[in-house]
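The structure appears right after this line, and notes come after that.
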Amino acid sequence: MGESIFDRSINKRNTLIKNRNILQTTYIPDQLPHRENEINNIVEIITPSLNKDKPSNILITGKTGTGKTAVLNYIGKELLKADPKEENCSYIYVNCEIVDNPYGILYNISNQVIKDQNSKIPFTGWSLDRVYETIAFHLDREDKVFIIVLDEIDRILHKNGDDIFYFLTTINEILKKSKVSIIGITNNTKFTEFLTPKIKSRLGEEKVVFPPYNPEQLQDILRRRAEMAFEPGILDEGVIPHCAAISAQVSGDARKALDLLRVAADIAERNGDNVITDAHVISARNKIELDAVIEVIKTLPSQSKIVLMSIIKNHEDKTKTVITGDVYAVYREICTILSCVVLKEKRVADLISELDMLGIIHARVKSFGRNGRTREIELNINKDIIEFVIKDELFEPMLNHKSSKQMTLM
Ligand SMILES: Nc1ncnc2c1ncn2[C@@H]1O[C@H](COP(=O)(O)OP(=O)(O)O)[C@@H](O)[C@H]1O
Ligand SMILES: [Mg+2]
């Protein structure tokens, strides 16, 4: 076999990580340490389903990365072990982050309820009422409890209101044989404030809160994963405490901790290093932060990108204090080059505030000068990210623009 440009890269990979899959956040471990209370709690609430009795609906809240999805998946598997033929209860899981409209969610539920290919609901086209009726009909052809888990329910509410919750929590009134229990999961602790009181009390018959993990718990979770993922002796002593400390500081988020460990391992591997050290964790943290900011910038609307670009252009003169008026002047010039609509100054000021809230810039109210109140604007992103903004294809026309050299600030 001849040499390939991939050889070097292949040799570098898979030297440290024995099983990459285990470090992915989609991997669900067999054991979920430090969630025993939450698991027992939920198990107790839903146990009646094994006798075909309807359990209370449950509302589960907790910040991201506190193990909600993992626990509910685990419970689903265990329930199936207790009732392998699904004679008494069926467990239906829907992630509302992926399907976030009522039709999509009901379609997803119906697909898990209706086994007969010829009776399936079409992917689109039916009225919601018809979908509701069909699902109710098929649920009631059996005689058992359906536990429907709706993960990330706040997504639906945000976009579509609470009709679907109304349907799902009142469906028992039309069912004669089967029964439905709802388990709603949300990262948003304020979620219930947005529900109508009736639905709020129905959905939250029982409430289970998942607290953030503390640093020791995160270390424990990481250690168990690391044992499966790495050969012995690959991790420096300080790596796991460091990953745990960083994640605990912000949010007690196990996902973040696992991300840090995985990215640190990737960086070490790519460098051809033999052990994973603290330095790799620091690089991993920087890389993750950078990627997150870039993700935010990518999804900004064009007008916001132009405002950001105007701020960047103003800052090319390092000695200058940049105020709102300067930004607006450059903003107008850029809009002209790009043939974009020029927004009013007030609207641009709003976009500046939004960038400030996203943490991309700092805008401080400064003085009450001749023009009234103004804001002093600083950039809060590093060179690499500035480079990323400038290279956006939106700004391509600026590269060839002849008069750009004559512009006041360009
Ligand atoms: N107690 C735990 N033990 C092991 N891994 C956990 C534990 N809690 C969370 N994880 C892992 O952390 C990641 C995030 O958990 P997840 O259940 O998705 O959080 P949430 O749904 O609350 O945002 C997943 O990879 C999950 O497997
Ligand atoms: Mg989740």
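Since this is a predicted model, take the numbers as computed values, not measurements. First listed ligand is number 1; within each ligand, the first listed atom is number 1.
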**OP:** Using a 4.0 Å heavy-atom cut-off, say whether Tyr213 meets ligand 1 through its side chain, its backbone, both or neither.
**Re:** side chain

**OP:** Between Val71 and ligand 1, find which residue part has any heavy-atom pair under 4.0 Å and reply side chain, backbone, both or neither.
**Re:** neither

Subject >> Sub-4.0 Å atoms of ligand 1 with respect to non-hydrogen atoms of Thr25 >> reply: 24 (C), 25 (O)

Original post:
Mind checking whether Gly65 has an N or O less than 3.5 Å away from an N or O of ligand 1?
Top reply: yes

Subject >> Contacting atoms of ligand 1, where contact means under 4.0 angstrom from a heavy atom of Thr64 >> reply: 23 (O)

**OP:** Find all atoms of ligand 1 within a distance of less than 4.0 Å from any non-hydrogen atom belonging to Thr66, and give their numbers and elements.
**Re:** 19 (O), 20 (P), 22 (O)

Original post:
When you check the space around the Mg ion (ligand 2), which protein N, O or S atoms turn up under 2.8 Å?
Top reply: Thr69 OG1

Original post:
At a non-hydrogen distance cut-off of under 4.0 Å, which region of Thr69 contacts ligand 1 (side chain, backbone, both, or neither)?
Top reply: both

Original post:
With distance as the sole test, does Lys68 use its side chain to make a donor-acceptor pair with the main-chain N or O of Lys63 at under 3.5 Å?
Top reply: yes

Subject >> Lys/Arg-Asp/Glu bridge criterion (N-O < 4.0 Å) met for Asp53, Lys179 >> reply: no

Subject >> Exam field: side chain Asn380 to backbone Ile360, donor-acceptor pair closer than 3.5 Å >> reply: no

Original post:
Between Arg255 and ligand 1, is there a nitrogen or oxygen pair with a distance under 3.5 Å?
Top reply: yes

Original post:
Counting both backbone and side chain atoms, is some N or O of Leu258 under 3.5 Å from an N or O of ligand 1?
Top reply: no

**OP:** Compute the shortest N/O to N/O distance between His34 and ligand 1 and return yes if it is under 3.5 Å, no if not.
**Re:** no

**OP:** Salt-bridge test for Lys115 and Glu142: reply yes if a basic N is under 4.0 Å from a carboxylate O, no otherwise.
**Re:** no

Original post:
Would you call Asp259-Arg255 a salt bridge at under 4.0 Å N-O?
Top reply: no

Original post:
Can you list the ligand 1 atoms lying under 4.0 Å from a non-hydrogen atom of Lys63?
Top reply: 22 (O)

**OP:** Record the part of Pro29 in heavy-atom contact with ligand 1 below 4.0 Å; permitted values are side chain, backbone, both and neither.
**Re:** side chain

